[in-house]
Structure formats: structure tokens, C-alpha cells
Amino acid sequence: MSSTLDQHDSAYDAERAGFQTLASHRPELIVPAASADDVRQAVSQAAARGLPVAVQATGHGLPVAAEGGLLITTGAMNAVTIDPAAGTARIEAGVRWEQVIEAAAGHGLAPLSGSSPVVGAVSYTLGGGIGLMARRYGYAADQVRAVEVVTADAELRRVTPDGAPDLYWALVGGRGNFGVATALEIGLVPVQRLYGGALYFGTDLAGPALRAWRDWTRSLPEEMTSSIAVIPFPDSPHAPAPFRGQTVAHVRVAFTGDATEGEELLAPLRAVGPRLTDTVGELLYTGSAAIHNDPTKPSGYYSTHSLLRELPEEALEALLGARAVVEVRHLGGALTKPQSAANSVGNRDALYYAGMLTPGLAPGSDLTAVRAAHEVVTRALSPWATGGQVLNFLYGDRARPENVRRAYEPGDYERLTRLKTMWDAQNLFRLNHNIPPA
């Protein structure tokens with residue numbers, strides 16, 4: 001097994017650091033895993049010592065900041081293998097989406113990656129994964145062909161829909177509750193180019209742009225996946241020059257159809273008015289990070305969200321009044337149904353995701369006022385909310401048990417607790433979006 005680190009080692013702080021800096025793991029031990037056998041030995045050691053296990057690839061979606069326990073870091077497990085004949089990729093536990101995108105592009109293929117290319121692909125996928133082409137191809141989880149996983153008994157298993165359907169169903173959607181995934185085999189899609197990019201509208205057009213986008217989404221083909229963010233930029237040299245001091249509506253689009261049709265579809269949004277910037281056009285999938293232009297440097301942030309059945313005027317007003325960055329994603333389409341083998345990803349009935357994010361928070365910040373501001377908007381949206389949550393967007397104290405439960409259909413959650421009892425009765429894997437044993 002690779003070297004085990006404790007709080008006296010000089011590499012301890014660097015190894016436990018992740019993208020989310022508001023909080024971070026402070027485990028008793030860290031195992032920087034370089035192979036599946038390292039993971040297997042780490043799980044065996046944790047079980048023998050009665051230490052709960054946390055796992056971190058990039059630390060974007062940190063659910064629980066571990067105090068004590070054993071942390072397995074997987075950044076060194078970064079191999080990607082493409083099988084162009086099968087249209088699949090095998091990705092190890094520490095792989096980031098940018099690696100898969102580049103490797104697949106050489107074969108005219110693309111993964112169902114998300115808005116940020118530096119997010120860990122395995123944890124993202126096992127939590128569902130609402131990506132750039134979600135309305136056309138469904139959840140990233142729907143493309144999982146096999147999971148290589150170390151279970152609580154420290155055995156390495158290859159789990160498929162045919163070989164172990166119950167465990168497969170639980171793993172794909174249950175994220176880290178049933179073992180430590182060391183690799184996935186995922187399906188790729190035949191996409192090289194998109195008609196995609198972003199429209200940026202200034203303060204005066206932020207409200208009209210949000211309303212126009214909402215109206216526009218009511219009659220779109222599945223080939224069009226889009227979202228909009230309303231971002232208050234500071235009047236600061238650190239903000240991009242065109243956006244300084246403005247509340248910007250950032251419309252993001254990814255169309256998998258013909259570019260001419262994409263131009264016609266986008267016309268109602270361009271008709272809203274002058275754009276601060278307009279980058280929409282034909283785009284190689286290798287350049288798809290420019291659509292959302294997500295931050296790439298670690299930072300501290302607090303986030304909440306609601307899943308909505310509809311987006312009436314009252315909901316738009318609540319979002320425009322939020323004291324936070326607001327993002328609304330158009331769901332539906334292929335997200336409403338599994339695209340291959342059944343999995344435990346829930347809440348496929350929602351039509352919109354509405355998220356709020358407060359960035360720029362220092363470690364240990366008092367979140368009382370931030371939580372209160374988010375709660376005001378959440379309550380305002382509640383008449384149109386499904387009651388569901390998205391596992392991958394439950395960070396920090398939002399990953400508490402009642403919210404994790406809401407990420408699944410009620411019957412599915414009960415089934416997951418029974419399977420947890422079978423595969424991890426001691427809840428060894430609990431420093432996560434935890435599903436307890438029945």
C-alpha cells in the first residue's frame with residue numbers, strides 16, 4: 001500500500017485539500033491511493049481499526065468534512081482507456097472530465113461531461129450527472145456499463161447490470177455508500193461538435209433575458225440543453241472588464257443538431273437585445289468548457305437548490321431578488337427516463353433545477369446570514385417545487401440525512417437502506433452523502 005499520512009506528515013495538508021475551501025477533511029489518516037489494491041488495503045485497515053472512510057478525488061462536491069476517520073484520495077488513479085469499437089471508456093477514480101474529453105475526441109466521441117472539465121468524472125457520474133447534453137442523452141449515470149469497486153469486506157469486484165444487478169443499481173446513483181469505486185466503464189456518444197456557447201446580457205436586460213429564456217424552453221427539441229445564470233459582478237479589477245459592476249444574465253446553450261437549425265432556435269434569445277458578449281457558434285466538444293466558463297481555482301462557496309415542476313412569474317421574481325448567484329437549468333427530455341440499465345438516480349420528473357450559490361467565502365465563515373438569505377428564496381419557490389434534491393449539489397450541511405433521502409424516490413430510498421445493510425451493515429462508508437443501513 002502507498003504511504004499512509006497522519007497530521008504530523010508534511011504532505012498531510014496538501015493531500016487533504018480539495019476544490020471546496022469553505023471546509024475540508026481533517027482525518028486521522030490519509031491514504032493517497034495509486035491503485036485499486038491501495039484502495040483495497042486502505043478499506044481493510046479502516047475496517048480493522050473501526051475508522052469510517054471518506055473518499056476524495058477533486059473535492060468539488062464535499063458533502064461532509066471528515067473529523068477523524070480515514071481519507072482515501074484518488075488523484076493519482078488517473079488512467080483513461082478508450083475502446084472506439086465499443087464506444088466506451090474505462091476511467092479510473094481520480095480522472096477529471098478534461099482527460100476523458102481529450103481522449104474520446106480522437107475517436108469522434110464524447111462523454112456526458114458536466115459544465116466544468118476539472119471535476120472528478122467518477123463521483124460526478126455515480127451521483128447522477130446533469131451534463132452539457134443532458135436533455136439529449138440523459139444522466140451521465142445512464143451510461144455506466146460497469147463499476148469496479150472495493151466493498152466493505154475489502155474485496156475488489158467488477159459489478160455489471162447482468163452480474164450483480166442489485167449492487168449495480170445501488171452504486172449507480174448511490175455514489176459512495178456501497179464501496180469505493182476504483183474505475184468505471186462508461187458509454188460515449190458520437191459527438192464531435194456542438195452549436196454552443198454563451199450569451200451575456202447586462203443589468204437592464206437580466207430580467208427580460210430570464211423571462212425570455214423561460215418562455216423559450218417551453219418548446220425546445222431534446223437536442224437543445226440550456227441554462228441561465230444571473231450573476232452580480234463586483235465593480236472590481238478582478239471581474240472581467242465587460243461585466244464589472246453589472247448584474248449579468250449568462251445564457252448557456254449546447255445544441256447537438258445542425259448549426260443552421262441552432263441559429264434559428266436561438267433567434268428569440270438574441271432578440272432580447274444587445275449582448276455584452278455572444279460566443280455561440282459551432283464549437284468542438286474539446287472546447288465545451290467555454291459554455292459555462294466555470295471557475296477553475298479552489299474557492300469557498302455555499303449552495304442550495306430546488307427542483308421545480310414549472311417556473312411562473314412569481315418564481316422568476318424570487319430568483320431575481322436572490323442575494324446570491326442564481327442558476328436555472330432546463331431538465332426534461334432524455335433525463336426523464338433511464339437510457340440503459342436501471343439505476344437509483346431519482347427525481348426524473350422535474351422540469352427545472354434552480355440553484356443559488358454564494359461564492360467567495362473564507363474557511364470557517366459564519367454562514368448564518370447566508371443560510372437565511374437562501375432560505376427566503378427556497379420558501380418562495382416551494383409552491384412549484386417537487387420536494388426533490390440532486391445528490392451532486394448537496395454540499396456541506398446541505399448533505400444532511402433528510403436532504404439525501406429527498407434525492408431518491410421513496411421506495412428506492414428504502415431499497416437502498418436494505419442494500420446498505422447487506423453490503424455495509426456497519427456503515428463504514430458514512431463520511432459521504434450517507435444512506436444508513438435499514
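Basis for what follows: all heavy atoms, side chains included, without hydrogens, waters or symmetry-related copies.
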Could you grab the distance from atom CG of L381 to atom CG of L319, nearest 0.5 Å is fine?
5.0 Å
side-chain contact (heavy atoms from CB on, under 4.5 Å) assessment of M133 paired with T256:
CA-CA 8 Å; M133 302 182 286; T256 58; 3.8 Å; yes
Taking it one step at a time, do H330 and S227 satisfy side chain to side chain donor-acceptor pair (under 3.5 Å)?
CA-CA 6 Å; H330 185 206; S227 63; over 6 Å; no
Any donor-acceptor pair under 3.5 Å linking the side chain of T225 with the backbone of R135?
yes
Residues Y352, R309; criterion side-chain contact (heavy atoms from CB on, under 4.5 Å); working and verdict
CA-CA 7 Å; Y352 296 99; R309 297 186 182 89; over 6 Å; no
Quick one: does any side-chain atom of H433 pair with a main-chain N or O of L391 as donor and acceptor, under 3.5 Å?
yes
Using a cut-off of 6.0 Å, state whether more than 12 heavy atoms not belonging to R323 lie near its atom CZ.
no
Calculate, to the nearest 0.5 Å, the distance between atoms CG and CG belonging to L205 and L199 respectively.
11.5 Å
Counting only N and O atoms by type, is there a donor-acceptor contact under 3.5 Å from the side chain of Q20 to the main-chain atoms of Y301?
yes
What one should report as the nearest heavy-atom pair of A181 and V149 is N-CG2, 4.0 Å
Decide yes or no on ring-ring contact (aromatic ring centres under 6.0 Å, His included) for Y200 and F243, but give the supporting numbers first.
CA-CA 9 Å; Y200 295 87; F243 308 150; 4.8 Å; yes
Electrostatic pair R415-D166, nearest N-O below 4.0 angstrom
yes
With a 4.5 Å cut-off on side-chain heavy atoms, are P32 and L5 touching?
yes
Has R252 got its NZ or CZ under 6.0 Å from the middle of the six-membered ring of W213, at an angle within 45 degrees of the ring axis?
no
Do L367 and L22 have side-chain heavy atoms sitting under 4.5 Å apart?
yes
Distance col, row R275:CZ vs L269:CG, nearest 0.5 angstrom, shows 9.5 Å
With a 4.5 Å heavy-atom cut-off, do Y137 and V191 have their side chains touching?
yes
Identify the two heavy atoms, one from T125 and one from A141, that lie closest to each other, and give their separation to 0.1 Å.
O-CB, 3.3 Å
Is there side-chain contact between V119 and R96, with heavy atoms separated by less than 4.5 Å?
no
To the nearest 0.5 Å, what is the distance between CG on L29 and CG on D9?
9.5 Å
Classify the angle between the aromatic ring planes of W97 and Y124 as parallel (below 30°), tilted (30 to 60°) or perpendicular (above 60°).
perpendicular
Measure across A66 and A54 and return the closest heavy-atom pair with its distance rounded to 0.1 Å.
CB-CB, 4.3 Å
Please determine whether side chain to side chain donor-acceptor pair (under 3.5 Å) holds for the pair R157 and T151, giving the CA-CA distance in whole Å, both sets of side-chain angles, and the decisive distance to 0.1 Å.
CA-CA 8 Å; R157 306 169 189 272; T151 46; 2.9 Å; yes
Between R430 and D424, does any side-chain N to carboxylate O distance fall below 4.0 Å?
no
In this structure, NE2 of H250 is separated from CD1 of I231 (nearest 0.5 Å) by 6.5 Å
Just so I know, are the side chains of M224 and W216 near enough to count as touching, which here means a heavy-atom distance under 4.5 Å?
yes
Salt bridge R40-D37, side-chain N to carboxylate O under 4.0 Å:
yes
Taking CG in D215 as the centre, count heavy atoms belonging to other residues, nucleotides or ligands within less than 6.0 Å. Is the count above 12?
yes
Determine, step by step, whether N427 and N434 satisfy the side chain to side chain donor-acceptor pair (under 3.5 Å) criterion, reporting the C-alpha distance in whole Å, the side-chain angles of both residues, the deciding distance to 0.1 Å, and the verdict.
CA-CA 9 Å; N427 207 7; N434 193 233; 2.9 Å; yes
Do NZ/NE/NH1/NH2 and the carboxylate oxygens of E28 and R26 come within less than 4.0 Å?
no
Distance-only, no hydrogens or angles: does the E409 side chain make a donor-acceptor pair with backbone N or O of N347 under 3.5 Å?
yes
State whether the side chain of S340 and the backbone N or O of D142 hold a donor-acceptor pair below 3.5 Å, judged by distance alone.
yes
Do T4 and I30 have side-chain heavy atoms sitting under 4.5 Å apart?
no
Identify the two heavy atoms, one from Y139 and one from G346, that lie closest to each other, and give their separation to 0.1 Å.
OH-O, 4.1 Å
If you count heavy atoms of other groups shown closer than 6.0 angstrom to CD of Q426, is the number above 12?
no
Would you check, one step at a time, whether the test side-chain contact (heavy atoms from CB on, under 4.5 Å) holds for E102 with T286?
CA-CA 6 Å; E102 288 292 338; T286 50; 4.0 Å; yes
Which atom pair, heavy atoms only, marks the closest approach of A254 to I291?
CB-CD1, 4.1 Å
Heavy-atom count around K337 NZ within 6.0 Å, excluding the residue itself: above 12?
yes
For A354, does its backbone N or O pair with a side-chain atom of S306 as donor and acceptor, under 3.5 Å?
no
Looking at R379 and E375, is there a salt bridge between them, counting it only when a charged N and a carboxylate O are closer than 4.0 Å?
yes
Keeping S24 on the side-chain end and T21 on the backbone end, is there a donor-acceptor pair under 3.5 Å?
no
Centres of the F178 and F429 rings: under 6.0 Å?
no
Donor-acceptor pair, distance only, cut-off 3.5 Å: does the side chain of N78 make one with the backbone of V80?
no
Is a donor on one side and an acceptor on the other found under 3.5 Å between the side chain of R145 and the backbone of I186?
no
May I ask you to check whether T73 and E15 show a side-chain donor-acceptor distance below 3.5 Å?
yes
Any side-chain heavy-atom pair from L357 and E327 closer than 4.5 angstrom?
no
Quick one, S115 with D294, criterion side chain to side chain donor-acceptor pair (under 3.5 Å). Give me CA distance, side-chain angles, the key distance, then yes/no.
CA-CA 7 Å; S115 59; D294 281 353; 2.6 Å; yes
Please verify the inter-ring angle class for H60 with F19; under 30° counts as parallel, over 60° as perpendicular, anything in between as tilted.
parallel
With no hydrogens and no angle check, do the side chains of H374 and T358 hold a donor and an acceptor under 3.5 Å apart?
yes
Decide, yes or no, whether a salt bridge links R214 with E310 under the criterion of side-chain N to carboxylate O below 4.0 Å.
no
Donor-acceptor contact present, side-chain D349 to main-chain T336, <3.5 Å:
no
Here the pair of heavy atoms bringing L331 nearest to L307 is CD1-CD2, 4.0 Å
Derivation of the side-chain contact (heavy atoms from CB on, under 4.5 Å) call for L335 and R348:
CA-CA 6 Å; L335 290 165; R348 293 176 181 264; 5.7 Å; no
Below 4.5 Å, heavy atoms only, C-beta onward: do T88 and L188 meet side chain to side chain?
no
Atom pair CG/CG of L70 and L431 - distance to nearest 0.5 Å:
9.5 Å
